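Okay, so here's the structure we're looking at.
Any value given below was found using the heavy atoms of this structure, including those in side chains, with hydrogens, waters and symmetry copies removed. Everything quoted here is computed from the prediction, not taken from an experiment. For ligands, and for the atoms within them, numbers begin at 1 and follow the listed sequence.
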Amino acid sequence: MSDKVYIFDTTLRDGEQSPGATMNISEKINMARQLEKLGVDIIEAGFPAASNGDFEAVKTIAQSVDNIQVAGLSRAVLSDIDRAWEAVRYAKNPRIHTFIATSDIHMKHKFNKEPDEILEMARKAVRHAASLTPNVEFSAEDASRSRWDFLVSVVEAVIDEGATTINIPDTVGYAQPGEFGELIRYLIKNVSNSSKAIFSVHCHNDLGLGVANTLEAIKAGARQAEVTLCGIGERAGNAALEEVVMALHTRKDYYDIDTSVHTEQLFPSCRRLSSTIGQPLSPYKAIVGANAFAHESGIHQDGMIKNRQTYEIMTPESIGKKGTSIVIGKHSGRNALGTKLKEMGYDLNDEQIADVFDAVKSLADKKEDIYDEDVEALVLEVAYRIHDLFKVKDLSVFSGTSGVPPHAAVILQDFRNDESNPVEIKDVGFGEGPINAVFSTINSLVGIEPELGLYSVNAVTGGADAQGAVTVHISENGLKSIGRGSDEDIIVASAKAYINAINRLERIKQEKKNA
Ligand code: KIV
Ligand code: ZN
């Protein structure tokens with residue numbers, strides 16, 4: 001059996017479909033390139049039949065990466081498979097990933113079909129996919145709650161039809177490690193043609209066992225792990241890529257298995273995801289949380305001084321966590337910034353570098369030290385923006401305890417009629433607090449009144465002059481959108497995030513209308 005586990009990253013599919021993790025197309029391409037740099041073997045770029053937006057994203061990602069396989073998900077439905085193929089075929093090494101549920105509860109309640117009919121659908125789907133590409137993955141959704149003998153029949157049939165990867169998902173995070181390992185061992189032993197396929201696992205984290213189940217399955221012979229950065233995904237998420245990889249790496253003595261992941265790219269990748277989706281890493285997050293390498297108690301600190309191995313089973317350097325470095329100052333030039341951005345893994349064109357340069361310069365006027373994290377926040381804010389309908393031009397806010405209700409004066413640039421020649425629109429409005437005053441003034445200027453869901457502010461770096469990164473979720477008539485903005489003034493950051501959410505919402509409405 002191979003001593004390498006293939007790492008299949010589904011951050012852009014299972015991860016992206018979870019609440020609050022939506023990314024626009026340029027953010028997805030940027031993440032895909034980072035995943036390539038991280039050294040994963042396969043990325044699942046999306047679910048092309050889900051929407052035109054998903055289709056375009058998968059197709060563009062397929063065209064944008066070179067050294068990794070690109071998978072597109074599809075139901076076991078021929079038209080879905082065609083759509084997935086249409087999107088991934090542009091990749092150097094494309095994969096079709098098709099799935100159907102095999103548990104009694106799913107077959108009865110989702111499909112109202114008998115097991116034989118499901119088996120036939122799986123056969124047909126894989127036969128069709130294999131007529132398009134030799135690289136076909138089949139997933140038996142809810143495998144961990146399926147009857148083992150039925151799973152054997154389905155897996156045998158789809159391998160016969162040409163599936164080269166068999167994925168066994170613990171879709172609802174129900175399995176226990178010992179039991180899940182046993183299932184994988186049972187399938188590899190009892191499926192007569194199992195040697196013709198790679199067995200894969202995809203473990204959800206509902207009981208907090210996603211990583212444990214994945215590792216147990218690898219011990220039992222699985223040679224592909226489906227994971228996501230920071231464990232994002234449906235409900236409680238998926239097994240976290242960085243945890244699975246570092247367990248295999250740190251305990252090589254126990255597993256004796258390699259991956260192709262460059263572990264020093266783990267922290268930069270997780271940080272990139274966290275800033276892109278505007279969800280901070282918990283300080284206690286294994287491997288990449290702020291406390292993961294912090295030693296607080298005297299006894300621990302003493303041990304660390306004497307020998308780091310007393311309390312450190314891996315080094316911060318091994319996951320790419322270096323001390324924060326000052327990158328750029330008031331007098332740095334555009335070339336220096338361009339080089340720095342390349343080093344940080346951002347492949348930007350001249351126009352994007354110029355935009356980031358202007359933003360860095362204006363930040364340097366207000367903030368003494370500019371760190372990697374500051375530059376990253378600005379890149380995500382200015383370089384990967386969709387075309388804006390509105391931009392915040394000026395803003396002033398009054399709040400306090402004087403008895404006068406909080407109010408805000410807002411000037412926006414309005415690009416609705418002319419992309420290169422905005423008109424200025426301005427208004428003043430009251431609110432319950434300063435942020436509410438800004439948001440309601442913006443509402444009256446753009447003429448919509450979306451519902452505000454989540455609103456969060458996080459410091460981009462430490463220090464009193466740190467930038468604030470704001471994320472807002474808004475919705476209108478069932479359409480949801482997320483906006484992000486950063487600034488050293490958190491009220492300005494909030495206004496930018498809110499406008500960004502509105503720009504995205506307007507785009508979603510437009511896409512819906514066109515579709
Ligand atoms: O959780 C699951 O079963 C899935 C499949 C589509 C692989 O995401
Ligand atoms: Zn899943």
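- The shortest heavy-atom distance from Glu234 to ligand 1 is not under 4.0 Å.
- Of the protein's non-hydrogen atoms, Ser139 OG, 3.7 Å is the one closest to atom 7 (C) of ligand 1.
- Taking every heavy atom of Glu141 and a limit of under 4.0 angstrom, the matching atoms of ligand 1 come to 3 (O).
- Counted within 6.0 Å of OH on Tyr254, heavy atoms from surrounding residues, nucleotides or ligands total 12 or fewer; the atom is thus considered open.
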Side chain to side chain donor-acceptor pair (under 3.5 Å) for Glu226 and Asn238? Distances and angles first, verdict last. CA-CA 8 Å; Glu226 299 201 356; Asn238 290 67; over 6 Å; no
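- The shortest heavy-atom contact between Glu137 and Arg95 is OE1-NH1, 2.7 Å.
- For ligand 1, the atoms lying closer than 4.0 Å to a non-hydrogen atom of Asp14 are 8 (O).
- When all heavy atoms are compared, the tightest approach of Val288 to Leu266 is CG1-O, 4.4 Å.
- The shortest N or O to N or O distance between His202 and ligand 1 is below 3.5 Å.
- With ligand atoms numbered from 1 in the order given, ligand 1 contributes 1 (O) to contacts under 4.0 Å with heavy atoms of His204.
- Across all their heavy atoms, Cys270 and Cys230 have their closest contact at CB-SG, 3.6 Å.
- Distances from the Zn ion (ligand 2) to the N/O/S atoms of Asp14 are shortest for OD2.
- Checking only distances, Thr171 does come within under 3.5 Å of ligand 1, N or O to N or O.
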